[in-house]
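Below is one structure, written out as structure tokens; comments come after it.
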Amino acid sequence: MTKSLIFRKTWSLASATYGRTDRIGRRSVEGLTSVPFALDFAFRPHERTVVERNGQIEERPIEALTGGAVGTEPVQFLETDGSSEFVEVRPAPDLRAEVIEDLCADALAEHGRVWNRADPALFALALRVRADALGGHPLDNLELEYLTRNALARSLEALGAQPRPKALRGIDARRLDRVTEFVDAHLDRDLRLAALADVAAVSRHHFARMFTLAVGLTPHAFVTARRMERAAEALRAGTSIEQAATLVGYASSHTFRATFTAQFARSPSRYAQMVRP
């Protein structure tokens with residue numbers, strides 16, 4: 001059974017919640033209402049989630065490692081089909097207004113709920129909030145502002161805002177999607193920077209800089225994080241630590257344990273004890 005945790009923190013330009021909960025029943029649960037215009041991210045999938053929005057009850061699936069933007073109406077999560085792990089970031093109104101102004105996106109200031117976007121920039125933001133919540137490297141105001149601005153801008157661009165110049169946004173969303181799909185399909189292999197650049201159809205010389213600019217993580221940090229998320233999924237399903245390490249390309253269980261612990265602030269064995277029935 002997943003040990004529940006709700007962590008909240010406020011910075012100068014945003015506040016955030018990291019949550020890890022057991023299965024939610026059809027009842028009101030404090031802390032599981034997403035506020036308007038927040039950015040949210042789900043680490044774990046749900047085939048069925050029941051929410052209430054604008055007085056209407058909806059059912060929808062939530063894909064793992066995806067997120068979105070809440071929109072004008074708050075969303076109350078009423079029921080899930082399993083344990084949840086999520087991050088919600090609530091940008092300060094002034095920060096959101098600045099990003100909208102920078103993108104000349106006034107027409108998108110009031111938008112509907114966006115679900116299930118597999119955005120690497122939002123993934124990077126959620127990772128850092130979770131790390132801070134679990135006692136890892138602290139997330140300071142400057143880093144949070146950068147990651148939140150980037151995730152906000154990419155969210156508005158996905159809704160139709162004019163994309164930022166390449167010098168500001170790095171690799172475009174279509175190329176990032178290709179890279180993410182390639183990485184996720186080859187987590188058991190030795191991934192090289194040249195291969196990722198070729199998938200993105202970007203100069204090998206410029207790829208790392210452009211990727212980092214777009215995502216907020218270096219290619220190495222991004223690949224490592226995706227490996228650890230896949231390993232965590234395997235551990236939740238009952239896979240042994242050695243099998244999980246092999247599944248994500250680690251020949252050394254010692255290196256795997258150290259890397260996993262750095263991301264989740266607990267060893268693989270301790271993590272497995274927490275999340276298994």
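For the numbers below, each heavy atom of this structure counts, side chains included, while hydrogens, waters and symmetry mates do not. Count residues from 1 along the sequence.
- For the pair Q263 and L134, the minimum side-chain heavy-atom distance is 4.5 Å or more.
- Scanning for salt bridge (charged side-chain N to carboxylate O under 4.0 Å, His left out) contacts around E63 gives an empty result, with sequence neighbours left out.
- At least one side-chain heavy atom of D132 sits under 4.5 Å from a side-chain heavy atom of F7.
- At least one side-chain heavy atom of L95 sits under 4.5 Å from a side-chain heavy atom of T148.
- Evaluation of the side-chain hydrogen bond (donor to acceptor under 3.5 Å, both in side chains) rule for N141 yields S12 as partners, not counting sequence neighbours.
- Here the shortest heavy-atom pairing between P120 and T180 reads CG-OG1, 3.4 Å.
- Using a 4.5 Å heavy-atom cutoff, the side chains of L103 and Q162 are not in contact.
- Separation of atoms CD (E145) and CG (N150) is listed at 12.0 Å; rounding is to 0.5 Å.
- Tested against S15 for a side-chain contact (heavy atoms from CB on, under 4.5 Å), the candidates V89, L144, V35, T10 yield a single pass: T10.
- Side-chain contact of N54 with R113: a donor-acceptor pair under 3.5 Å is absent, judged by distance alone.
- Using the six-membered ring where Trp is involved, F260 and Y271 have ring planes that are perpendicular, over 60° apart on the 30 and 60° scheme.
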Acceptor/donor pairs from residues 183-194 side chains to any protein atom, 3.5 angstrom cut, sequence neighbours excluded:
| unit_1 | atom_1 | unit_2 | atom_2 | d |
| --- | --- | --- | --- | --- |
| D184 | OD1 | R226 | NE | 3.1 |
| D184 | OD2 | R226 | NH2 | 2.7 |
| H186 | ND1 | F182 | O | 2.7 |

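- Using modelled atom types and a 3.5 Å distance limit, the side chains of R257 and S269 yield no donor-acceptor pair.
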Only distances under 3.5 Å count here; give the side-chain donor-acceptor pairs of residues 211-225 to other protein atoms, sequence neighbours excluded, each with its distance to 0.1 Å.
| unit_1 | atom_1 | unit_2 | atom_2 | d |
| --- | --- | --- | --- | --- |
| T212 | OG1 | A208 | O | 2.8 |
| T218 | OG1 | A221 | N | 3.1 |
| T224 | OG1 | H220 | O | 2.9 |

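- At a threshold of 4.5 Å between non-hydrogen side-chain atoms, the residues E85 and Y18 count as touching.
- In this structure, the salt bridge (charged side-chain N to carboxylate O under 4.0 Å, His left out) partners of R117, at least two apart in sequence or on a different chain, are D119.
- Relative orientation of the F37 and H111 rings is perpendicular, given thresholds of 30° and 60° on the angle between their planes.
- A heavy-atom distance below 4.5 Å is found between the side chains of L125 and L122.
- Qualifying side-chain hydrogen bond (donor to acceptor under 3.5 Å, both in side chains) partners for K166, counting only residues two or more places apart in sequence or in other chains: none.
- Using modelled atom types, one finds a donor on one side chain and an acceptor on the other under 3.5 Å when comparing S34 with E88.
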